[in-house]
Asker: 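Starting off with a structure, shown below.
Atoms within a ligand are numbered from 1 in the order they appear, just like the ligands themselves. Computed from a predicted model, the values in this text were never measured in an experiment.
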Amino acid sequence: MSIFIYSLHTTFPAACYALRARTCIYPYRRNSRFLASLGMTNGEEWPAQFDRGRCMAKKSSTLPLNLKGPKLRMPLYRWLYEELRSEILAGRLHPGARLPATRDLAQQYRISRPTIVTAFEQLRSEGYVEGKVGSGTYVSETLPDELLQAPRAKSTAGTRRRGIPLSAYARRLRPLPRAEARPARAFRASQPALDAFPTNLWAQVAARRLRRVSTRLLAGGEALGYRPLREAVAEYLNTSRGVKCTADQVLIISGVQQALDRTAHLLLDPGDPVWMEEPGYPGAAVVFRAVGAKICPVPVDSEGLNLDSGRRRWQKQRPRLIYVTPAHQFPLGVTMSLRRRLSLLEWARRSRTIIFEDDYDSEYRYSGRPIPALQGLDRAAVVIFAGSFTDVLFPALRLAYLVVPADMVEIFAAAESVSTHHPPLIDQAILCDFIREGHFARHVRRMRELYAERLSVLVESVRERLGGLLEIPAVEAGLRTVGWLQGGIMAERAAKAAAKYDVEVVPLSRYAYGRARSDGIVLGFAAVDARELRRGVEQLAQALLECLA
Ligand SMILES: Cc1ncc(COP(=O)(O)O)c(C=O)c1O
């Protein structure tokens, strides 16, 4: 009977409507065995959207889905599973995208929630999605192998189809993965403790600033950024980071990411060699590649970027730029030694190479003596220094600073003037007030204590529950750490297994340009509380044991 109704429905939708209107279908639908064969429950409406062949979710809490109608003789849960799976495979549902809530889907397609839960469970067991019913279901960041082999939609694919000629830059451009949309869970590496951010205080400071905003501020126009903020940043960097600069050298910019982009456009031509730490920050590599620069990976050892190794390996290619994270190497966490800093600066001076010093998260140091920034040791004006408010306040602020050698200020200002003009001035003024009124320093102190506590929970729980499976080296600074897998466990496999247990870890190979150690994973410890960290360790233990088996 279900065959009859479905074929009638798909072949003659108008007739089907008519039948329905005269309740010819309802007697069958009241039969619970028949309904079960369709994956429906008694009392459910016939999914009206199916009448159009393709059904459009009109009101989803997350993504509008465009699912084809159910297939002949296929249970509804199977249909939903297959539709969602093909959306994921085709890249229309991206890794990290949230699936609509079961309640919304049930309402949209008039199918029962248990049917939807069954489809979600199937996707979850195969690794396509993660998360729990009730707290959101998300497309996995680490997807099953067959999916990874499926061709991904390229950023320029749409324009290419239309035959629009793109610049060489656009053809080289690759997007950075989007920030995670789902709530933080263990061991999110890319996020500070957003739940501990003093939003009320921020709101008060913002409201006060807005109430007394001047027409001068509203008019905008300061290409290098809001002058009082530049002064506050210069003061902070001189006293806390050992940077030597005046406010005239400070530029406010929309994130270190934009600072990298700006620097790359101003200093690099296609084919120019750029030395990068290996493993290193992928956000820098995509920027340098997009301008056509040649990435020259240089290994990192216990003292930071291994200069001698770089010189040997790339002796014929004097770099135009060297990108380093000396305060806390991304992602290994090594602090560059003073000796190495001095040799790097001397070599850069002699070879007339500019160094980009990315000081992205050095506010958080838990042990070891802070070493002055490279910029503070620089006597030859070869260092561009960048720092960000992303990790120290919150990512959506998109405010960061650059300290450039005095003779480069003008060209950076020119670049700003032809693009964004300046990041939003009102946000800069609010941030300036937040710093000037002492809230910033207090927040950093509070967060340093909180992160130190979370770090010790992670280290303790790993020692108790992951002995023989994972080792965490001494962590001196930052919001994340590398962990070394034991017993021959491979990082890619561990990350996939962890995802099944609702835990995020990133294999070190994601940060490598060539061959990478296959036994390293990166774990964040700042984004979630002690309870979630402990849960994460328990789950990771299960996942790693599975990898050993
Ligand atoms: C090493 C490193 N540099 C730069 C950035 C980007 O900073 P921003 O958010 O200021 O663009 C990040 C972000 O995670 C990072 O890890």
Asker: Just by distance, no angles: are the side chains of Y511 and E277 close enough, under 3.5 Å, to form a donor-acceptor pair?
Answerer: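 Short answer, no.
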Asker: Mark up the atoms of ligand 1 that fall under 4.0 Å of a heavy atom belonging to F330, in ascending order.
Answerer: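 Selected atoms, number and element: 1 (C), 16 (O).
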Asker: As an exercise, identify every atom of ligand 1 less than 4.0 angstrom from a heavy atom of D358.
Answerer: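 Those atoms are 1 (C), 2 (C), 3 (N), 4 (C).
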Asker: Would you call R188 and E532 a salt bridge, taking side-chain N to carboxylate O under 4.0 Å as the test?
Answerer: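 No, this pair does not count.
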Asker: Is it possible for you to check whether R313 lies under 6.0 Å from the centre of the six-membered ring of W275, through NZ or CZ, and within 45° of that ring's axis?
Answerer: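 Relative to the ring axis of W275, which defines the angle, R313 lies outside at least one limit.
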Asker: Judging by distance only, is a nitrogen or oxygen of V256 under 3.5 angstrom from one on ligand 1?
Answerer: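 So ligand 1 has an N or O lying under 3.5 Å from an N or O of V256.
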Asker: Any idea which atoms of ligand 1 are less than 4.0 Å away from a heavy-atom of R398?
Answerer: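 Counting atoms of ligand 1 from 1, those under 4.0 Å from R398 are 8 (P), 9 (O), 11 (O).
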Asker: For atom 10 (O) of ligand 1, find the nearest protein heavy atom and state the residue, atom name and distance (0.1 Å precision).
Answerer: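 In this structure, atom 10 (O) of ligand 1 has S388 OG, 2.5 Å as its nearest protein heavy atom.
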Asker: Which residue supplies the protein heavy atom nearest to atom 5 (C) of ligand 1, what is that atom called, and how far is it?
Answerer: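 Going by distance alone, atom 5 (C) of ligand 1 is nearest to Y281 OH, 3.3 Å.
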Asker: I'd like to know if R185 pairs up with E130 as an ion pair, taking the criterion as any Lys NZ or Arg NE/NH1/NH2 lying under 4.0 Å from an Asp or Glu carboxylate oxygen.
Answerer: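 Answer for the salt bridge query: yes.
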Asker: Hey, which atoms in ligand 1 end up nearer than 4.0 Å to a heavy atom of Q257?
Answerer: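 With Q257 as reference, the close atoms of ligand 1 come out as 11 (O).
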Asker: Atom CZ of R289 and atom CZ of R174: how far apart are they, to the nearest 0.5 Å?
Answerer: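 Reported value, rounded in 0.5 Å steps: 10.0 Å.
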Asker: For the residue pair H328 and Y360, does the interplanar ring angle fall in the parallel (under 30°), tilted (30 to 60°) or perpendicular (over 60°) class?
Answerer: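 Geometry flag for Y360 against H328: parallel rings.
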Asker: So if I count the atoms of ligand 1 from 1 in the order they appear, which ones are less than 4.0 Å from some heavy atom of T390?
Answerer: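 Once the distances to T390 are compared, the set is 8 (P), 9 (O), 10 (O).
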